[in-house]
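A, B, ... follow the sequence lines: proteins, then strands. Residue 1 opens every chain. Note that the structure is a prediction, hence the values are computed from the model and not measured.
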Amino acid sequence: MIRRYVIAVLCLLASSRGLLVASTFNVVGNQSGSSQTNSNPHFVFAHYIVAFATYGDSVEGYRKEIMEAQAANIDGFALNVGAWDDIQSYYKRRVALIYQAAEQLGTGFKLFFSVDFEDPTNIVNMVESYANRTNTFRYQGKIVLSSYGHNDVPSAGWPGMDWTNAILGKLRQEGYPIFFIPYFFSDPVTELPTSIDATNVLNKYAGILDGLFDFAVGGELEDTIASNAQYAYVVNQVGKLSMTSVYPNYWGCVQYTIGRRYYESLGGEGTELQWDQLIGYSPDWVEIVTWNDFNESTYVSPVINPGQYFSGLQSPRRNTHSGYLELSKYYITWYKSGSQPAIDRDALFYFYRIHPRDLVITNDIPVTWIVQYVQDELFLTTMLKSSAKLVVTSGGVRSEYEQDSGISHVRVPFQVGAQTFELWRGGARLGLINAPPITTSVTNYNFFPTSGFCYVQDCVTNSISLTPAKRSSVHLAK
Amino acid sequence: LAVVNPAFGPTTISLDLSQPALFLRSPLLSSWSIGGFSEALDLRRDFGAKGDGIADDTAAVQAMLSSTIIHSNAVVFVPPGTYRVTQTCQLGNGAQGVQPRLAVVGLDATQTFFRWDGTNSGPMFQFIDYSPEFGGITIQSANPQFTGVVYSAPQ
């Protein structure tokens with residue numbers, strides 16, 4: 001059965017977390033391509049896990065990643081740093097290489113730290129070490145600094161750090177004023193905070209916050225969207241800067257003790273839904289979570305085979321997520337410009353898991369946290385200048401879909417076997433994708449979806465107009 | 001790999017390279033980014049294509065794809081014209097580690113044609129692991145069984 005894409009507004013309203021959103025402001029997506037309502041300059045960053053060197057420890061590799069990010073209109077990386085010492089020295093080494101790469105390119109790529117460790121002295125040292133570098137992101141004349149948690153959460157027994165004095169105050173004293181926009185845990189801790197959580201965090205840390213980020217993944221799609229919308233609304237209401245998250249997919253591959261959580265993100269549909277919503281309410285900044293967290297399936301790095309670079313990521317294979325980033329380019333540009341871009345090229349994107357949901361693998365830790373809507377389906381997205389026919393052959397089962405111009409989505413039940421997708425227009429086959437097979441012959445569970453894309457062009461047959469003179473010339477030349 | 005610079009004069013229409021570092025835009029691709037590239041190349045100037053509808057430009061088009069070995073992050077501008085291709089042109093990831101990135105951009109799909117004149121049904125392009133970005137080009141063939149692009153994704 002085909003399910004045509006429908007904006008999931010009703011889902012959002014039905015969500016327990018979404019109820020407050022619906023009652024306080026309109027989060028229905030931007031349907032008309034109208035201009036942004038928030039007048040602050042819009043930036044899009046990507047959360048970069050420094051612990052993973054996608055192309056290895058080299059300036060060349062980091063140059064490549066920065067170029068890939070800028071190709072998608074991403075303004076910079078939020079560098080997630082898990083230590084700043086001589087024990088885990090790769091953090092210092094890689095940050096140095098990333099900065100070198102950005103400086104060599106000279107393309108204005110922005111870098112700022114997202115603190116993910118607790119050591120005020122080393123945090124201050126880290127920030128000061130790069131404070132005067134060209135690519136360090138400054139906003140309103142201040143050095144931008146973010147964080148993944150590491151605030152005090154009494155109910156959890158987490159003391160956190162003295163951000164006010166030992167970090168931000170210290171930096172200010174030493175001549176480095178900070179624009180502080182962290183993701184701070186709520187109390188009690190929840191992965192998908194609400195407007196109430198945002199209010200509580202804003203009240204508790206009012207003296208040090210310039211803005212607030214919501215790192216909202218690890219939940220049902222409508223709940224992550226609702227969390228972000230509520231957060232941005234409350235943060236902007238009190239005059240702070242809002243930073244919203246978007247993500248491609250979530251699977252807690254190594255969360256062995258809690259069922260290896262998997263949430264369905266609906267491929268291109270989910271990508272559009274997230275961006276469509278946030279374009280509607282126009283947060284100040286966006287942070288894609290993540291660029292390269294290869295352990296939680298949230299990566300948008302277009303690296304073809306992420307697993308080949310790290311021995312620890314060899315099993316299960318990390319399938320490329322390149323389609324997520326390529327499709328996101330369109331929405332990133334829309335969000336930043338405030339107007340819906342025209343579609344001037346044809347493309348086909350695919351997103352799916354490479355084995356059935358209920359496959360049983362006896363020698364691996366099972367994936368038991370699968371809730372709500374998770375079906376064995378292909379998620380296909382077409383971006384078309386004019387209508388075309390999509391032909392899907394999944395495990396030998398063929399189906400056809402008439403796709404309109406613009407962006408359209410189709411879900412197709414998948415069958416084990418080869419997967420091919422074709423675009424036809426006017427009797428010509430514009431393109432054929434031989435996509436990865438869906439198999440039951442895997443030795444480990446693999447809920448990292450595979451995602452890719454192919455651009456095609458207008459393809460015309462039987463209508464070539466050749467002048468007699470040119471045809472004659474061809475014959476003479478032979 | 002030979003990257004030639006023949007004596008074909010510069011085209012009268014070209015991309016605006018006034019801001020080459022970041023987001024190249026052409027009149028056609030004016031509405032959204034095609035990204036940042038470290039090099040901007042030209043199918044005629046840099047690869048020797050003629051685009052006159054007479055010469056066989058297969059070698060030039062293949063050279064453009066193969067050049068990603070050395071131009072790993074390039075946009076190739078295709079001046080208006082008709083480029084005859086008689087054999088399938090291929091781009092495979094091949095290299096370990098850093099894969100190429102390539103965008104092939106014509107100014108206007110009504111003026112820029114890749115014409116398949118091969119004896120079989122194509123495809124004109126076969127990409128493995130990596131699919132370049134195309135824009136502003138029309139692919140033509142008189143063969144009703146013709147396929148423009150075949151892309152084999154990372155398996």
Minimal heavy-atom distance between Pro436(A) and Ala153(B), with the atoms involved, is CD-CB, 3.8 Å
Quick one, Pro132(B) and Tyr455(A) - any side-chain contact, counting heavy atoms below 4.5 Å?
no
Please report the interatomic distance CD1(Ile304(A)) to CG(Asp129(B)), rounded to the nearest 0.5 Å.
4.5 Å
Would you say Val149(B) and Cys454(A) make side-chain contact, with heavy atoms under 4.5 Å?
yes
Between atom OG of Ser131(B) and atom CD1 of Ile433(A), what is the distance when rounded to the nearest 0.5 Å?
7.0 Å
Atom pair CD (Gln140(B)) and SG (Cys459(A)), whose distance is rounded to the nearest 0.5 Å
9.5 Å
Does the pair Thr461(A) and Asn143(B) meet the rule for a side chain to side chain contact (heavy atoms under 4.5 Å, CB included), with working shown?
CA-CA 6 Å; Thr461(A) 60; Asn143(B) 186 334; over 6 Å; no
Listed once per pair and sorted, the salt bridge (Lys or Arg N to Asp or Glu O under 4.0 Å) pairs that draw on residues 423-439 of chain A, sequence neighbours left out:
Asp346(A)-Arg425(A), Glu422(A)-Arg429(A), Arg425(A)-Asp458(A)
Which bit of Phe421(A) comes within less than 4.5 Å of chain B, counting heavy atoms only: side chain, backbone, both or neither?
neither
Considering all heavy atoms of both residues, which atom of Phe453(A) and which atom of Tyr151(B) are nearest to each other, and what is their separation?
O-CE2, 3.2 Å
So which of Val456(A), Thr450(A), Thr54(A), Leu430(A) has the largest heavy-atom pair count under 4.5 angstrom toward chain B?
Leu430(A)
CG-OG1 distance between Leu423(A) and Thr147(B), expressed to the nearest 0.5 angstrom
11.5 Å
Check for a donor-acceptor pair, side chain of Gln457(A) on one end and backbone N or O of Ile139(B) on the other, with a separation under 3.5 Å.
no
